[in-house]
**Q** 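Next up is a structure, given as structure tokens.
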Number of protein chains: 2
Amino acid sequence: MPGLPPRHLGAYFALVEATALLDHAVQQQLKADGDLSYVQFQLLMRLFTADGRRTMTELADGVVYSRSGLTYQAGLLEKAGLITRSPDPRDDRATLVTITDAGRDRINKVLPGHVEVVRSQLFESLSEPDIDALADIMGRVRDKMRAEPPRSAAPRKKRDR
Amino acid sequence: MPGLPPRHLGAYFALVEATALLDHAVQQQLKADGDLSYVQFQLLMRLFTADGRRTMTELADGVVYSRSGLTYQAGLLEKAGLITRSPDPRDDRATLVTITDAGRDRINKVLPGHVEVVRSQLFESLSEPDIDALADIMGRVRDKMRAEPPRSAAPRKKRDR
DNA sequence: TATTGTTATACTCTATAACTATA
DNA sequence: TATAGTTATAGAGTATAACAATA
């Protein structure tokens with residue numbers, strides 16, 4: 001691979017392969033324990049931890065790359081009784097998404113297994129200093145990517161992705 | 001999130017978010033520059049670097065989780081003229097997949113942009129010691145996950161995944 | 001005019017099961 | 001009997017464009 005030193009290449013491949021394996025393990029667990037896709041889990045978690053409601057646009061941010069995709073997922077979650085959608089009194093264009101008790105139950109049902117997968121597959125391989133280093137390294141990568149999205153990506157309007 | 005210390009949680013979230021952003025950027029680039037999905041790129045790269053041919057089963061390993069999925073992708077690549085499929089003289093059950101000149105051209109066309117995305121989005125944020133640490137950390141995670149697949153995954157027969 | 005969200009639609013991808021053929 | 005690969009098929013997910021309603 002031209003243009004990348006071997007050590008960089010090794011880091012890149014290790015990152016890609018390890019995260020692919022981890023993602024796959026997590027997806028299996030979420031599906032098996034709670035019949036949730038990873039996207040659905042992320043959306044529910046966002047409501048669960050935010051202690052309540054979010055507008056569709058707020059909910060989409062960073063999880064989904066198209067608005068119709070979010071509408072689709074919200075439709076599934078609503079049909080499953082895990083969220084409700086209602087008009088936003090502050091903005092009549094907006095839709096407020098609220099997690100239901102069943103939604104919280106589902107998260108509580110799925111969370112232990114999720115934590116266990118992450119613990120056993122990721123953290124069990126790592127020392128405490130490793131974990132701090134990982135948080136630092138990937139935190140910097142994340143922050144920079146958020147600040148400077150790749151120019152290859154189509155110039156996108158605010159919020160709509 | 002019960003059962004995971006906050007520092008661990010921070011590392012996990014940073015890892016997940018950064019790799020999601022990176023994956024997305026890479027996928028955009030491969031699609032824009034060479035009309036390839038990431039799976040197709042991985043399959044082609046495997047043939048490209050292996051300097052030749054691989055059997056379907058060898059090719060699938062670690063890239064695809066079902067055999068029909070590989071048949072589907074191979075069909076697309078063949079239709080696009082990037083690979084050919086032929087009988088394996090050593091085993092009449094097997095199919096040999098060979099990268100074509102057009103396939104090599106496609107990789108050469110796509111690779112500079114790919115390297116540039118990885119360089120600018122990943123490595124530009126990191127020092128040399130960071131990169132070594134990342135390779136070490138994620139290499140260990142990958143190796144352990146390969147050695148001990150999560151028990152949640154359905155027990156699978158050899159080779160067939 | 002710009003933004004929020006939905007709908008229709010088309011497309012890509014994945015996985016399961018049934019099947020053929022060879023080891 | 002087990003393995004290699006394909007096919008048919010069904011399902012999940014994504015994105016684009018057109019649309020209605022509100023800011």
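In what follows, every chain begins at residue 1, and chains take the letters A, B, ... in the order their sequences are listed.
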**Q** Output all residues satisfying side chain to side chain donor-acceptor pair (under 3.5 Å) with D92(A), sequence neighbours left out; order by chain, then residue number.
**A** none

**Q** Send over the distance from E58(B) CD to dT3(D) P, rounded to a whole Å.
**A** 16 Å

**Q** Of all residues at least two apart in sequence or in a different chain, which pass the side chain to side chain contact (heavy atoms under 4.5 Å, CB included) check with E148(A)?
**A** K144(A)

**Q** I need the CZ-P distance between F41(A) and dA12(D), as an integer number of Å.
**A** 20 Å

**Q** Which pairs, protein N/O on one side and nucleotides 21-23 of chain C N/O on the other, fall under 3.5 Å?
**A**
unit_1: dA23(C); atom_1: OP1; unit_2: D92(B); atom_2: N; d: 3.2
unit_1: dA23(C); atom_1: O4'; unit_2: R93(B); atom_2: NE; d: 3.4
unit_1: dA23(C); atom_1: O4'; unit_2: R93(B); atom_2: NH1; d: 3.3

**Q** Should D33(A) and K109(A) count as an ion pair when the cut-off is N to O under 4.0 Å?
**A** no

**Q** What integer distance in Å separates Y38(B):OH from dT14(D):P?
**A**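 So the two atoms are 19 Å apart, to the nearest Å.
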
**Q** Can you sort out the partners of T84(A) under side chain to side chain donor-acceptor pair (under 3.5 Å), two or more places apart, ordered by chain and number?
**A**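 Per chain and number, T84(A) pairs via side chain to side chain donor-acceptor pair (under 3.5 Å) with no residue.
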
**Q** Can you give me every donor-acceptor pair (side chain of residues 135-142 of chain B, partner residue at least two apart or in another chain, under 3.5 Å) with its distance?
**A**
unit_1: D136(B); atom_1: OD2; unit_2: R140(B); atom_2: NH2; d: 2.8
unit_1: R140(B); atom_1: NH1; unit_2: S125(A); atom_2: O; d: 3.0
unit_1: R140(B); atom_1: NH1; unit_2: D130(A); atom_2: OD2; d: 2.9
unit_1: R140(B); atom_1: NH2; unit_2: D130(A); atom_2: OD2; d: 3.1
unit_1: R142(B); atom_1: NH1; unit_2: E17(A); atom_2: OE1; d: 3.4

**Q** Mind checking salt bridge (Lys or Arg N to Asp or Glu O under 4.0 Å) for D143(B) and listing every partner two or more places apart, or none if nothing turns up?
**A**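 Result, salt bridge (Lys or Arg N to Asp or Glu O under 4.0 Å) vs D143(B): none returned.
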
**Q** With sequence neighbours excluded, tell me which residues meet side chain to side chain donor-acceptor pair (under 3.5 Å) with D105(B).
**A**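 If we apply the side chain to side chain donor-acceptor pair (under 3.5 Å) test to D105(B), skipping adjacent residues, there are no hits.
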
**Q** Using the ring pair (Phe, Tyr, Trp, His ring centres under 6.0 Å) rule, collect all pairs that involve residues 69-92 of chain B, keeping only residues at least two apart or in two chains.
**A**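 Sorted result for residues 69-92 of chain B: empty, none.
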
**Q** Can you give me the N/O atom pairs linking the protein to nucleotides 6-9 of chain D at distances under 3.5 Å, or say none if there are none?
**A**
unit_1: dT6(D); atom_1: OP1; unit_2: R85(B); atom_2: NH1; d: 2.7
unit_1: dT6(D); atom_1: OP2; unit_2: T71(B); atom_2: OG1; d: 2.8

**Q** Please report the distance, rounded to the nearest Å, between CG in D88(A) and P in dT3(C).
**A**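 It works out to 17 Å between those atoms.
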
**Q** Can you check whether Q40(B) has a side-chain N or O nearer than 4.0 Å to OP1 or OP2 of dC13(C)?
**A** yes

**Q** To the nearest Å, give me how far apart CD (Q27(B)) and P (dT12(C)) are.
**A**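 Rounded to whole Å, this separation is 15 Å.
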
**Q** Can you measure Q42(A) atom CD to dG13(D) atom C1' for me and round it to whole angstrom units?
**A** 14 Å

**Q** Can you tell me if T57(B) touches the phosphate of dT3(D), counting only side-chain N or O atoms and a distance under 4.0 Å to OP1 or OP2?
**A** no

**Q** Hydrophobic clustering (ILVMFWY, side-chain heavy atoms < 4.5 Å, transitive) - are M45(B) and L47(B) grouped together?
**A** yes

**Q** Between atom NZ in K31(A) and atom P in dT14(C), what is the gap in whole Å?
**A** 16 Å

**Q** Take atom NZ of K79(A) and atom P of dT6(C), then tell me their distance rounded to the nearest Å.
**A** 14 Å

